[in-house]
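Report on the structure given below.
Note: hydrogens, waters and symmetry copies are ignored here, and every other heavy atom, side chains too, is used. Ligands are counted one by one from 1 in listed order, and the atoms in each one are counted from 1 as well.
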Amino acid sequence: MSDNRREFLKKSALLGLGSIAGSLLGETKINALNTVETNLLGTEPAFTLPPLPYAYDALEPFIDKQTMEIHHDKHHKAYIDKLNGADNNILKLTVSDEQKCKMVSADTPALVRNNLGGHFNHSLFWQLLKPNPTQAPNLPASKLAEAVNQQYKSFDDFKREFSDKALKIFGSGWCWLIIDETKKLRITTTANQDNPLMQVAADKGQIVLALDVWEHAYYLKYQNKRADYINNWWNIVNWQKAEELFSAK
Ligand code: MN
């Protein structure tokens, strides 16, 4: 919106609401006018694209620069733009995006469900990837490693099961490691941009790991070879971030 148009709308809104505000006094009146202005015009878009926390080529050779540019700047941006164009009560709440996801039910409009999920999932996915991979084995550490070994026998067994579930997702979706409602680790998948926070998810819980298996995440480099993409993804899992998510209360 241009500054002139913003100013015009602001004045019109304030004039129109003068009679209501006029019955209020002093600071209360000013606060009321500020609230009216914010509600009518907004100050800035409610959702903004978080910057990628590393360079586009920082995940090479496992995920290529061009894929990251398109994935972040185009796909993630599109979810943001659609969210900012949506009119829905969940989106207006001043709670975290995680809390908003937890409110998504079967009654939530697809526009909100898909784009809120798209935004939340990608924001987390970027953080769960580790830039500048080295030759050293990339393994979980500390409490998460312990829990994985306890539940899946070994890290390799866990890896096999996670990869297998990610590979078998039909169409577009995500594979997750979560702490489920019984406090156990669980590997689960969702379709489209759903996630395990949403009421619509078959397995609900706290997210520890996330893998995007939409073709847009790998097609340029891997074409139809999703198994190779998954296999290479293990080299760039940010286990430190996963540990943080695992330990969060
Ligand atoms: Mn994606």
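- The atom name of the N/O/S atom in Asp212 closest to the Mn ion (ligand 1) is OD2.
- Tyr79 and Gln193 form a side-chain donor-acceptor contact under 3.5 Å, judged by distance and modelled atom types alone.
- Classification of the His76-His72 ring pair by plane angle, with boundaries at 30° and 60°, yields perpendicular.
- Residue His216 approaches the Mn ion (ligand 1) most closely through its N/O/S atom NE2.
- Checking His71 against the Mn ion (ligand 1), an N/O/S atom falls under the 2.8 Å cut-off.
- Between the side chains of Trp234 and Ser163, at least one donor-acceptor pair of N or O atoms lies under 3.5 Å.
- Checked against a 6.0 Å centroid threshold, the rings of Trp174 and His122 count as neighbours.
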